[in-house]
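These figures come from a predicted structure and were not determined experimentally.
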Amino acid sequence: MKSITVQKLKDTFQLEVLAGADRMDRMITRPRTHRPGLEFVGYFDFFPMERIQILGRKEINYLLTLSVEERKLHIGNIVKYHPPCFIVTSGQQEIPYLTLFCDQEGIPLLRTQETTNEFIAKLDRFLLKTLAPEISIHGVCVNVSGIGVLLRGKSGIGKSETAHTLIRRGHRFVADDIVVLKKLGPATLLGTHNETTREFLALRSIGLINVVRQYGRKAFQDETRIVLDIELAPWQENSLNNELEVVPQFTEYLGVKIPHIEVQLQPGRDVAGLIEAAANNWYLKQLGYSAAEEFMQRIENEMQ
């Protein structure tokens with residue numbers, strides 16, 4: 001299971017440490033935050049104690065309406081579950097009772113000046129990506145007209161050269177050689193680099209090039225949602241390559257099925273152009289359009 005420390009969270013979002021400074025090594029393993037509401041009134045049947053607990057104005061104002069004894073009881077009931085940390089939003093100041101409890105139990109208490117909704121949205125996105133299950137595969141990742149494409153194939157088949165051609169045509173480069181795939185949801189796969197190879201593209205006979213320095217910032221993006229898996233393969237003389245409608249094929253990564261297309265290589269073929277066509281064709285299918293269906297409908301109309 002992937003995890004990050006509270007210290008990493010503090011550094012990333014520049015949070016102020018109010019209590020539990022000696023326990024910043026506590027681990028965060030769940031990708032979403034929680035605002036304790038029902039828990040303050042004693043309902044703990046579904047309390048996600050392993051999540052970061054966010055205390056906004058609503059929670060703090062409620063606690064301030066309680067007597068000192070009631071406040072101790074309600075806060076104590078939550079603190080005893082030892083969540084990874086508490087984060088107070090909107091720079092709220094009237095929280096010495098929280099500081100006391102967190103120091104006693106060794107739980108980090110942090111504070112941000114950001115509003116509750118804005119901070120939760122930002123933090124949840126960060127946690128979702130950081131803690132997402134991931135694998136690394138050999139390939140190239142590009143964004144073609146806003147559509148994330150994974151290029152695979154044997155070493156030396158021409159993946160990087162094809163990516164270079166796509167970059168020169170105005171599309172965006174994401175990763176070369178090592179592509180990191182992250183599962184963000186049941187049907188969402190994110191492709192990115194591994195930081196070490198960020199912005200670098202390896203071209204045989206040329207060597208490494210820095211895509212950003214050579215083609216500008218617009219030629220690169222950090223990540224993209226993968227919606228097409230394209231495999232570059234050697235040309236096969238006896239294979240059928242002129243189907244009106246290709247039978248759908250899929251490749252599965254981390255339990256997510258991605259449409260798969262095999263593009264066979266032959267001298268003179270515009271491989272980059274075929275990838276552009278595949279990406280545009282996928283987009284049209286999402287809109288409900290099929291060129292093969294329209295073609296067959298025309299034939300049927302002529303025969304009537």
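Note that CZ of Arg172 and OG1 of Thr224 are 9.5 Å apart. Values are rounded to the nearest 0.5 Å. Taking CG of Leu55 as the reference point, atom OG of Ser90 lies at 11.0 Å (rounded to 0.5 Å). In this structure, CZ in Arg269 is found 8.0 Å from CG in Leu265, a value given to the nearest 0.5 Å. Atoms CZ and OG1, on Phe86 and Thr99 in that order, are 11.5 Å from each other to the nearest 0.5 Å. Distance check, rounded to the nearest 0.5 Å: CD1 of Ile28 to CG of Leu123 gives 7.5 Å. Annotation: the span from Arg71 atom CZ to Leu73 atom CG amounts to 12.5 Å, rounded to 0.5 Å.
Between Asp177 and Lys159, no side-chain nitrogen of the basic residue sits less than 4.0 Å from a carboxylate oxygen of the acidic one, so the salt-bridge criterion is not met. Remark: Glu134 engages Lys2 in a salt bridge, criterion side-chain N to carboxylate O under 4.0 Å. Between Arg298 and Glu294 a salt bridge is recorded (basic side-chain N to carboxylate O distance below 4.0 Å). A salt bridge is absent between Lys80 and Glu105: the closest approach of a Lys/Arg side-chain nitrogen to an acidic carboxylate oxygen does not fall below 4.0 angstrom. Between Lys129 and Glu223, at least one side-chain N (NZ, or NE/NH1/NH2) sits under 4.0 Å from a carboxylate O, which counts as a salt bridge. With respect to the salt-bridge test (charged N to carboxylate O, under 4.0 angstrom), the residues Arg169 and Glu276 qualify.
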Pair Glu59-Arg35, salt bridge (Lys or Arg N to Asp or Glu O under 4.0 Å): steps then yes or no | CA-CA 8 Å; Glu59 291 78 18; Arg35 296 182 70 175; 3.0 Å; yes
Tell me, with the steps shown, if Gln297 and Asn301 meet side-chain hydrogen bond (donor to acceptor under 3.5 Å, both in side chains).
-> CA-CA 6 Å; Gln297 186 62 52; Asn301 291 340; 3.0 Å; yes
Take Asn210 and Gln214 through the side-chain hydrogen bond (donor to acceptor under 3.5 Å, both in side chains) test and state the conclusion after the steps.
-> CA-CA 6 Å; Asn210 186 303; Gln214 193 153 351; over 6 Å; no
Tell me, with the steps shown, if Tyr43 and Asp45 meet side-chain contact (heavy atoms from CB on, under 4.5 Å).
-> CA-CA 6 Å; Tyr43 188 78; Asp45 286 4; 3.5 Å; yes
May I have the step-by-step check of salt bridge (Lys or Arg N to Asp or Glu O under 4.0 Å) for Glu199 and Arg217, ending in yes or no?
-> CA-CA 10 Å; Glu199 301 176 359; Arg217 176 57 55 185; 3.5 Å; yes
Step by step, would you call Thr33 with Asp124 a side-chain hydrogen bond (donor to acceptor under 3.5 Å, both in side chains)?
-> CA-CA 7 Å; Thr33 56; Asp124 279 346; 3.1 Å; yes
Working for side-chain hydrogen bond (donor to acceptor under 3.5 Å, both in side chains), residues Thr29 and Arg51 = CA-CA 8 Å; Thr29 60; Arg51 294 184 183 178; over 6 Å; no
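Using modelled atom types and a 3.5 Å distance limit, the side chains of Asp176 and Ser160 yield a donor-acceptor pair. A donor and an acceptor atom, one from each side chain of Asn143 and His171, are nowhere located under 3.5 Å apart. Gln266 and Gln264 share no donor-acceptor pair across their side chains, judged by distance under 3.5 Å alone.
For Tyr81, the OH atom sits in a packed shell: over 12 heavy atoms of surrounding residues, nucleotides or ligands are nearer than 6.0 Å. Within a 6.0 Å sphere centred on CD of Gln14, heavy atoms belonging to other residues, nucleotides or ligands number 12 at most.
Under the side-chain contact (heavy atoms from CB on, under 4.5 Å) rule, Asp229 has a single partner from Val149, Thr251, Leu151, which is Thr251.
Remark: side-chain polar atoms of Arg26 are paired, donor with acceptor, to backbone N or O of Pro83 under 3.5 angstrom. Remark: side-chain polar atoms of Asn194 are paired, donor with acceptor, to backbone N or O of Thr197 under 3.5 angstrom.
When the side chains of ILVMFWY residues are joined at heavy-atom separations under 4.5 Å, either directly or via intervening members, Met24 and Ile107 end up in two distinct hydrophobic clusters.
For Phe173 and Tyr215, the distance between ring centers is not under 6.0 angstrom.
Ring geometry, His74 versus Tyr62: the interplanar angle falls from 30° to 60°, so the pair is classed tilted.
The hydrophobic cluster containing Ile226, built from Ile/Leu/Val/Met/Phe/Trp/Tyr side-chain heavy atoms closer than 4.5 Å, also comprises Ile135, Ile137, Leu150, Val179, Leu181, Leu189, Tyr253, Leu254, Val256, Ile258.
Taking His34 as the reference, Phe47 meet the ring-ring contact (aromatic ring centres under 6.0 Å, His included) condition, with sequence neighbours excluded.
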